[in-house]
Amino acid sequence: MARTTLTRDEVLDTAASLVMRHGPAALTMRGLAAELGTAVTSIYWHVGNRESLLDALVERTVEEMGAIRPTGRTPADRILAVARILRRELRGRPHLIAMVHERGLTERMFLPAQQALVHEVHAAGLRGARAADAVRAVQFQVVGYLLVERNRERSPAQSPAESELWDPAAAPHDPALARALARPADPDRLFLLSVRALVHALLAPGAAGAPGTAGTAGAPGTAGTAGTADATRAAPPR
């Protein structure tokens, strides 16, 4: 029996759930209607045709990615919080992020995160080109890390595996290091470690005169965001 009431938000919620689980190709108006227990005509009335529905999902994703509220005692703590939120949100909706990228809205999607980072690097005393470099360095680190994560998750079983390659007997000069590298990597811990090290270096007083500071700030942001779709598209969220 068809439902008697339905809202646009319910349609978008269910459509987003289908895309996140199965990808945009699996989203059909008939399948969405069946999921909602309603008639296909009701879906069209609320959101228009399939392309209009996809556009609405993209707009909603962009809006949701803007809800960044970092917490922490210091600017460095809050920059780390922004990076963690950004990674979590990108990982949580790979197919939707890919749709945003395909419609040319990646830069707009990243703007709230950049604005949050600008606020914190200003609070740390950075200005001008150095502040711009710090914002982009953190953004590029998050996206690049996601690329590595996704590639590792999608890769076939490795032979020989890391545990075999790093036999302590083959590294007598540092067996503790060999044992550590033989264990599976902890992506969450490594992410925090890498971002903390990056932020520490970016905010350090002596970093103001780092080579290339003046020249890199003007580089287009798209260079660091073009990989976002690849970083989030193919693997399901953890």
Side-chain angles (χ1 to χ4, degrees), residues 8-9 11-20 23-25 27 46-71 75 78-123 126-147 149-150 191 195 198-199 202 216-237:
R8 177 181 169 86
D9 282 342
V11 173
L12 293 178
D13 287 343
T14 303
S17 176
L18 286 171
V19 170
M20 290 172 69
L27 180 60
H46 282 286
V47 295
N49 61 21
R50 185 175 183 276
E51 280 304 306
S52 297
L53 171 60
L54 293 176
D55 287 341
L57 286 176
V58 165
E59 286 295 330
R60 175 189 259 202
T61 300
V62 170
E63 291 175 5
E64 290 174 347
M65 287 293 294
I68 295 179
R69 305 287 184 270
T71 58
R78 294 189 292 273
I79 291 171
L80 180 60
V82 173
R84 293 175 70 178
I85 293 168
L86 189 56
R87 172 176 173 251
R88 182 191 69 213
E89 294 301 316
L90 291 172
R91 281 191 60 86
R93 56 192 84 194
H95 296 301
L96 291 169
I97 298 299
M99 287 165 52
V100 171
H101 184 73
E102 289 164 0
R103 279 164 168 72
L105 294 172
T106 307
E107 301 298 344
R108 182 179 146 199
M109 179 185 70
F110 275 118
L111 182 60
Q114 286 185 322
Q115 291 171 330
L117 290 170
V118 166
H119 184 272
E120 299 309 331
V121 299
H122 277 170
L126 275 60
R127 292 291 186 276
R130 186 181 169 200
D133 282 344
V135 168
R136 285 179 173 151
V138 173
Q139 180 184 344
F140 283 31
Q141 169 68 14
V142 175
V143 175
Y145 194 91
L146 275 170
L147 281 168
E149 278 193 288
R150 290 304 189 191
F191 179 76
V195 176
L198 174 63
V199 172
L202 291 170
T216 57
T222 50
T225 58
T228 306
D230 293 331
T232 58
R233 184 200 309 269

Are any of the side-chain heavy atoms of Glu102 and Val58 separated by less than 4.5 Å?
no
Residue set satisfying side-chain contact (heavy atoms from CB on, under 4.5 Å) with Leu12, at least two apart, ordered chain then number -> Arg8, Val47, Leu53, Ala56, Leu57, Arg60
Counting only heavy atoms not in His119 (residues, nucleotides, ligands), do more than 12 fall under 6.0 Å from its NE2?
no
For Arg150 and Arg91, which heavy atoms make the closest approach, and how far apart are they?
NH2-O, 3.2 Å
Spatial distance of atom CG (Leu90) from atom CZ (Phe110) [nearest 0.5 Å]
5.0 Å
Flag for Ser52-Asp55: side-chain donor and acceptor within less than 3.5 Å:
no
The criterion is side-chain hydrogen bond (donor to acceptor under 3.5 Å, both in side chains); which residues satisfy it with Glu64, sequence neighbours excluded?
Arg93
On the six-membered ring of Phe191, is Arg87 placed so that its NZ or CZ lies under 6.0 angstrom from the centre and within 45° of the ring axis?
yes
Please list, chain by chain and in numerical order, all residues satisfying side-chain contact (heavy atoms from CB on, under 4.5 Å) with Ala134, sequence neighbours excluded.
Val121, Leu126, Leu202
Is there a side-chain contact between His101 and Ile97 in this structure, where contact means two heavy atoms from C-beta onward sitting under 4.5 Å apart?
no
Test Glu89 against every option in Arg84, Met65, Met109 by the side-chain contact (heavy atoms from CB on, under 4.5 Å) rule and name the one that passes.
Met65
Please name all residues satisfying salt bridge (charged side-chain N to carboxylate O under 4.0 Å, His left out) with Arg108, sequence neighbours left out, ordered by chain then number.
Glu59
Rounded to the nearest 0.5 Å, what separates atom OG1 in Thr61 from atom CG in Leu105?
10.0 Å
Can you tell me how far OG1 of Thr71 sits from CG of Leu80, rounded to the nearest 0.5 angstrom?
9.5 Å
Could I get the full list of side-chain contact (heavy atoms from CB on, under 4.5 Å) partners for Pro24, not counting sequence neighbours?
Val19, His95, Met99
Heavy-atom side-chain proximity of Glu120 to Leu117 below 4.5 angstrom:
no
Test of understanding: with side-chain contact (heavy atoms from CB on, under 4.5 Å), list the residues that count as partners of Ile68, not counting sequence neighbours.
Pro70, Val82, Ile85, Ala113, Ala116
Can you tell me how far the OG1 atom of Thr106 sits from the CG atom of Leu111, to the nearest 0.5 Å?
12.5 Å
